[in-house]
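What follows is a single structure, written as structure tokens, with notes after it.
Side chains included, hydrogens not; waters and symmetry mates left out as well; all remaining heavy atoms used. Residue numbers begin at 1 in each chain, while the letters A, B, ... track the order of the sequences. Because the structure is predicted, anything quoted here is derived from the model rather than measured.
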There are 2 protein chains.
Amino acid sequence: MKRSLADRIEQYLKVLIERSEDKQIEIQRSELAETFDCVPSQVTYVISTRFTEMEGYFTESRRGGKGYVRISRYHLENGGSTVRKELVAFIDELLQEDELTTSQSDLLRHLVSYGFMDMPPEHRIRLFKHLRKLLVDYVNMD
Amino acid sequence: MKRSLADRIEQYLKVLIERSEDKQIEIQRSELAETFDCVPSQVTYVISTRFTEMEGYFTESRRGGKGYVRISRYHLENGGSTVRKELVAFIDELLQEDELTTSQSDLLRHLVSYGFMDMPPEHRIRLFKHLRKLLVDYVNMD
DNA sequence: AACAGATAGTCAATAAAGGTCAAAGAGGGG
DNA sequence: CCCCTCTTTGACCTTTATTGACTATCTGTT
């Protein structure tokens, strides 16, 4: 089991994240590339393949002077996840009842599943309830 | 978390604004530049990129003797509408580029146009920016 | 009213990041 | 050995920050 460079960079970042206070780190792409003696785009590759929203990570970045890449990990299972599941279930229901098209429900499911991770749970709960109401409004419009 | 000069000036101003009685401050561009040991136009740069209407700020200024720059953060309904319009415009753009179907953009436009009315503007601004990013992610998924 | 001095604004050049994309390389399974 | 997928690299692109020369607009004085 020979670990690739990408694997090692991934591991390195994950250790940093787990050790951090708020499960969130900020790195400089070029600096990290230098540490691992590779091209900067390798770092981009690692981040885009191993720190996706599907894996529970959220990334932001800024270019230009003093640029950075911030990676945050979210707990998919804590506060609000019940509400999240309920909302996803509701979207599926609307799809079953032909109140939404497949493309609409795909989009919504994506937004609801992977978005709003960085909100405080109370806000997220309120937001999801609000969203549900908005959806009801929408499908009852015609 | 290394900060650029622009970041530090931004932070400084935001603290002043939050501490102020009426969420409004008046500064002298050249004086602030001296404080941060930079050229005055740096201050202009910070203000024009970080204290925009979209971010919920409003600025006025006067040149000449006793000149000033006034920055106000607004609280009420003014706040969200620029961001809302911007997001709707972005959705339309995605539709034009065939990144979204008509049914998807209709749904989104409805949610964005009629929802979130009762949220505090600061939250709404963040939410809309977040939504925009989620949409970008979604259309780039394939 | 004209002028002088004091401010703030504009704009373009330059630097300093990160992003994109496609081609080449490396491994592994059939 | 061939093919497929994942990795690595590098040339080129976009965004953001910093600086300074030049411009515009006030205020106060003569």
Side-chain angles (χ1 to χ4, degrees), chain A residues 1-14 24-55 57-72, chain B residues 1-14 24-55 57-72 86 90 93 97 99 129 132-133 135-142:
Chain A
M1 177 72 161
K2 188 152 184 283
R3 285 157 87 233
S4 67
L5 175 55
D7 288 338
R8 279 184 289 122
I9 295 176
E10 174 191 8
Q11 206 53 34
Y12 177 79
L13 291 175
K14 287 191 169 163
Q24 170 172 313
I25 59 172
E26 239 177 58
I27 57 158
Q28 290 214 282
R29 189 181 77 143
S30 52
E31 196 187 9
L32 186 59
E34 214 166 282
T35 301
F36 281 90
D37 194 33
C38 63
V39 293
S41 54
Q42 175 76 301
V43 175
T44 304
Y45 172 71
V46 171
I47 289 171
S48 67
T49 55
R50 277 114 148 135
F51 293 86
T52 65
E53 28 182 51
M54 242 95 75
E55 326 237 353
Y57 293 91
F58 178 68
T59 68
E60 304 160 272
S61 70
R62 198 174 71 187
R63 307 186 184 189
K66 302 284 191 306
Y68 59 80
V69 178
R70 178 160 46 224
I71 310 176
S72 326
Chain B
M1 181 99 100
K2 236 186 254 176
R3 281 244 187 65
S4 67
L5 175 56
D7 288 337
R8 281 183 284 121
I9 295 175
E10 173 192 6
Q11 201 57 30
Y12 177 79
L13 291 174
K14 287 192 169 162
Q24 169 173 317
I25 58 173
E26 242 176 51
I27 57 158
Q28 290 215 290
R29 189 181 77 142
S30 51
E31 193 189 7
L32 186 59
E34 213 166 284
T35 302
F36 281 91
D37 194 33
C38 64
V39 294
S41 55
Q42 176 75 293
V43 175
T44 305
Y45 172 72
V46 171
I47 288 171
S48 67
T49 55
R50 273 107 150 142
F51 293 87
T52 64
E53 200 181 339
M54 277 236 342
E55 313 272 341
Y57 293 91
F58 174 68
T59 68
E60 305 160 90
S61 69
R62 204 173 66 190
R63 308 185 185 191
K66 307 264 179 14
Y68 61 83
V69 178
R70 178 160 47 224
I71 310 176
S72 333
E86 213 273 335
F90 182 62
E93 230 175 89
E97 294 163 2
E99 299 281 11
K129 286 183 161 186
R132 188 194 167 111
K133 184 162 189 288
L135 284 179
V136 172
D137 284 354
Y138 182 75
V139 302
N140 285 335
M141 261 189 0
D142 304 345

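- Between B/Ile47 atom CD1 and D/dA17 atom C1' the separation is 16 Å, expressed in whole Å.
- At the heavy-atom level, B/Arg62 lies under 4.0 Å from the strands shown only through sugar-phosphate atoms.
- Rounded to the nearest 0.5 angstrom, A/Phe58 CZ and B/Asp137 CG are separated by 8.0 Å.
- Ion pairing between B/Lys129 and B/Glu86 fails under the 4.0 Å rule for side-chain N and carboxylate O.
- The shortest distance between the side-chain N/O atoms of A/Thr44 and the OP1/OP2 oxygens of C/dG19 is below 4.0 Å.
- Proximity of B/Ser30 to the phosphate of C/dA8: a side-chain N or O atom is located under 4.0 Å from OP1 or OP2.
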Side-chain donor/acceptor pairs under 3.5 Å, residues 40-49 of chain B, sequence neighbours excluded:
| residue | atom | partner | partner atom | Å |
| --- | --- | --- | --- | --- |
| B/Thr44 | OG1 | B/Arg29 | NH1 | 2.8 |
| B/Ser48 | OG | B/Thr44 | O | 3.1 |
| B/Ser48 | OG | B/Tyr45 | O | 3.2 |
| B/Thr49 | OG1 | B/Tyr45 | O | 2.9 |
| B/Thr49 | OG1 | B/Val46 | O | 3.3 |

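- The OG1 atom of B/Thr59 sits 10.0 Å away from the CZ atom of B/Phe51 when rounded to the nearest 0.5 Å.
- Each of B/Arg50 and B/Val39 was matched to the nucleotide of DNA chain D holding its nearest heavy atom; the match closer to the 5' end belongs to B/Arg50.
- In this structure, A/Gln42 places its CD atom 15 Å from C1' of C/dA23, rounding to the nearest Å.
- With rounding to whole Å, A/Leu5 atom CG is found 11 Å from D/dT9 atom C1'.
- Between B/Phe36 atom CZ and D/dT18 atom C1' there is a gap of 15 Å when expressed in whole angstrom units.
- Each of A/Val46 and B/Arg8 has a nearest nucleotide on DNA chain D; the 5'-most of these lies closest to A/Val46.
- At a threshold of 4.0 angstrom between heavy atoms, the contacts of B/Gly67 are confined to the sugar-phosphate backbone, with no base atom among them.
- A/Arg29 places its CZ atom 14 Å from the C1' atom of D/dT16, with the value rounded to the nearest Å.
- For A/Arg63, the side-chain atoms get nearest to C/dA17 when compared with the rest of C/dA8, D/dT18, C/dA17.
- Residue A/Ser41 places none of its side-chain N or O atoms closer than 4.0 Å to OP1 or OP2 of C/dT20.
- Between the CD atom of A/Gln28 and the C1' atom of C/dA15 there is a distance of 14 Å, rounded to whole Å.
- The OH atom of B/Tyr45 sits 12 Å away from the P atom of D/dT15 (whole-angstrom rounding).
- Regarding B/Glu34, its CD atom lies at a distance of 13 Å from the C1' atom of C/dT7, rounded to whole Å.
- Applying the 6.0 Å contact sphere to NZ of B/Lys133 captures more than 12 heavy atoms from other residues, nucleotides or ligands.
- Side-chain nitrogen and oxygen atoms of A/Ser61 include at least one within less than 4.0 Å of the OP1 or OP2 phosphate oxygen of C/dG19.
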